[in-house]
Amino acid sequence: MVFKPIKPNPHNLSFTSIFHRCKSMKEFKQSHTQLIIRGLTHPPPSLRPVISFSALNPSGDINYALLLLFQSSTPPAIFLLNTVIRGLARSSFTDSLSSSLLVFRHMAELNLAPNNFTFTFLFQACSNSGAFELGQQFHSRVIKNFFGMDVFVSNSVIQLYSVCGKLDDARRVFDESIKLDVVSWNSMINGYVKYGDISEALNMFKEMPERNDVSWNSILGGLVKYGCLDDAYRVFVEMPQRNLVSWVVMISGYAQNGQPKEALALFREMQSLAQEPNSAILVSVLSACSQLGALDHGSWVHSYIKKKHMRMDSILSTALIDMYAKCGSIELAMQVFSSSREKDVSAYTAAISGLAMNGRSNKALQLFEQMKGEGISPDSISYIAVLCACSHVGCVEKGFEYFASMSDVHGIRPELDHYACMVDLLGRAGLLEQAESFITSMPITPDNVIWGALLGACRVHGNAEIGQRVGNLLLKSDQYHDGRYILLSNIYAESMKEKDSEEVRKTMRRRKIKRVPGCSLIEMNGVVHEFSAGDRSHEKVGEIYLMWEEIVKEIQNCGYKAETRAVVFDVEEEEKEAIIGYHSEKLAVAFGIIYTKPGSTLRIVKNIRICNDCHSAIKLVSKVFNRKIVVRDRKIFHHFEDGFCSCMDYW
DNA sequence: TTAGGGTTAG
């Protein structure tokens, strides 16, 4: 190992200033080593900046700070001990609270009395670990020592009690405080927002003597959290000034509430105001791109990150992996995954589910094993991803092994979503009776999603008997869900029970249930084009329809025959063909074939699942026109190439 | 010194 020598010191710089010049932990450790080599072990003035940097800097190392603190030959000052507790409180290190307690006890061993700073940081450490009772003990010490007079201390107590959901306790401290400031008010408001009392939060917001950016952002965050996006936007517009956090809250609010187009529009507005986005904003923009399947926008964000040399933390790389995977570019997703240095359980999960939804479930299962091999424990979400992968490749036995290992090996209790994956696994494999008895023997009450998974499987395997039982159950318990009616009606239609099929449609009409119209998106040169079935609103409508008719002629020569069983039974055969013949994905394919270079890949995003007819038509289009066509439906990707689909006709 | 923001599944 070669150490960089400390440069000659023409200006007689102290060691302290040498440490100040270091830019990274590596440089720090090198300079520190030099000190030890020169026999100048731990002179207190130079120890201080190393510990502070290691404890507080985002690229520091809190464990190194602890090591230096406890190995110090000269007793550290109270300031330094406080700094380390402060660093521990803000770190995400799992043992940070117990380490804070060690430092606190070390203080007593050194006969140093804790001060108001010490307690502020200790309360912060308790807040971050949700350690309400420990915090209460410190609170009694604070009251005895009159540290509660300090507004920083009382604010950190209010913060602790509100994040733990003890709003009455927090309010008591707030009401009894001699001095309140804007931070005290904000902590109370955040507590109310966090635990769902938005009206009390709004009351306090109105009563506040002064408001800064944080108070506005808290209210904005509260409205977004409870899905009141329109109210939130009104606040966003009215705010006296918006900072970066306001933009993050609003853009992420749209992205998380299924309004990705609004998220992108707001991001464009932000750019037009020459505001530089930070990593949190880009994460939300990437999530919006994922939802829209907007690869062009998403890759632009990726190049922006590279151009600005932004730090690739695990959240940002997870968002990138997810974006590429959900835009059907699984190769690029895996490139980001391989090159990212910080691979945590979320990055793995994004990659695993990305592989599974892109028809590479065996790879997904391998990656899950690799993750465990790296010593990263799977969490509840990664189990959903791996169970889905099992389901796509029909690995029933393996799926049950994983399901058992959740609680046996990792102590994770399976939730409804995991049971739904298991029902899907059995159902897809055609084991419908087993799936039904699995549901009835579940230790928790099955919900509509679980019965829905079984109904979907009955459709795939054409089982009208179980389908009828489950479908009628769902039509009672999930009356407003359009998909249940359509599935059941199609199950009947496909097993030639035309009367029953029509009866379901009638019930649907009687109950005034509107069917969510299918639509397909295709992005071209940064513009998203949207089509619905039989849509005539696109400006190039004439060309598009002509092209599809041409395409049909071509693929008919290769054996294409329109499949019309699963459509409304009260229309004539010809009309059925007309309805199904211009499904939104077909129009998007025709548009793509006209306006893209021969041989280039078409990427289409659909809001509902693809139907049998479109699936077989697009398979042939990929062969006849020599195009890769990627269709993302509600659940998975279909990579069509040379007459085949990555889903192996199983979806 | 104390308060507000981001990802993965279904």
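Here is how names work: the chains are called A, B, and so on, in the same order as the sequence lines, proteins then strands, and each is numbered from 1. Heavy atoms only: backbone and side chains are in, while hydrogens, waters and symmetry mates are out.
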A:K225 atom NZ, over 12 foreign heavy atoms within 6.0 Å: yes

Main-chain N/O of A:A325 paired to A:N358 side chain as donor or acceptor, under 3.5 Å: yes

Below 4.0 angstrom, which residues in residues 172-179 of chain A have at least one non-hydrogen atom near DNA chain B? none

When only distance counts, do a donor and an acceptor, one from the side chain of A:N243 and one from the base of B:dG4, lie under 3.5 Å apart? yes

For the residue pair A:Y233 and A:Y254, categorise the inter-ring angle as parallel (less than 30°), tilted (30 to 60°) or perpendicular (more than 60°). tilted

Quick one: label A:Q256 by what it contacts on the DNA or RNA (base, sugar-phosphate, nothing), any heavy atom closer than 4.0 Å. sugar-phosphate

Close residues, residues 114-124 of chain A, relative to DNA chain B [heavy-atom separation under 4.0 Å]: A:F117, A:T120, A:F121, A:Q124

Does NZ or CZ of A:R48 fall inside the cone over A:F79's six-membered ring, less than 6.0 Å from its centre and within 45° of the axis? yes

Which part of the nucleic acid, if any, lies within contact of A:D313, taking any heavy atom under 4.0 Å across all strands shown: a base, the sugar-phosphate backbone alone, or nothing? base

Kindly state whether the pair A:F152 / B:dT1 counts as stacked, where counting means centroids closer than 5.5 Å and planes tilted less than 30° apart. yes

Side-chain donor or acceptor of A:N212 under 3.5 Å from a matching atom on the base of B:dA3? yes

Nearest to the side chain of A:Q159 - B:dG10, B:dT7, B:dG4? B:dG4

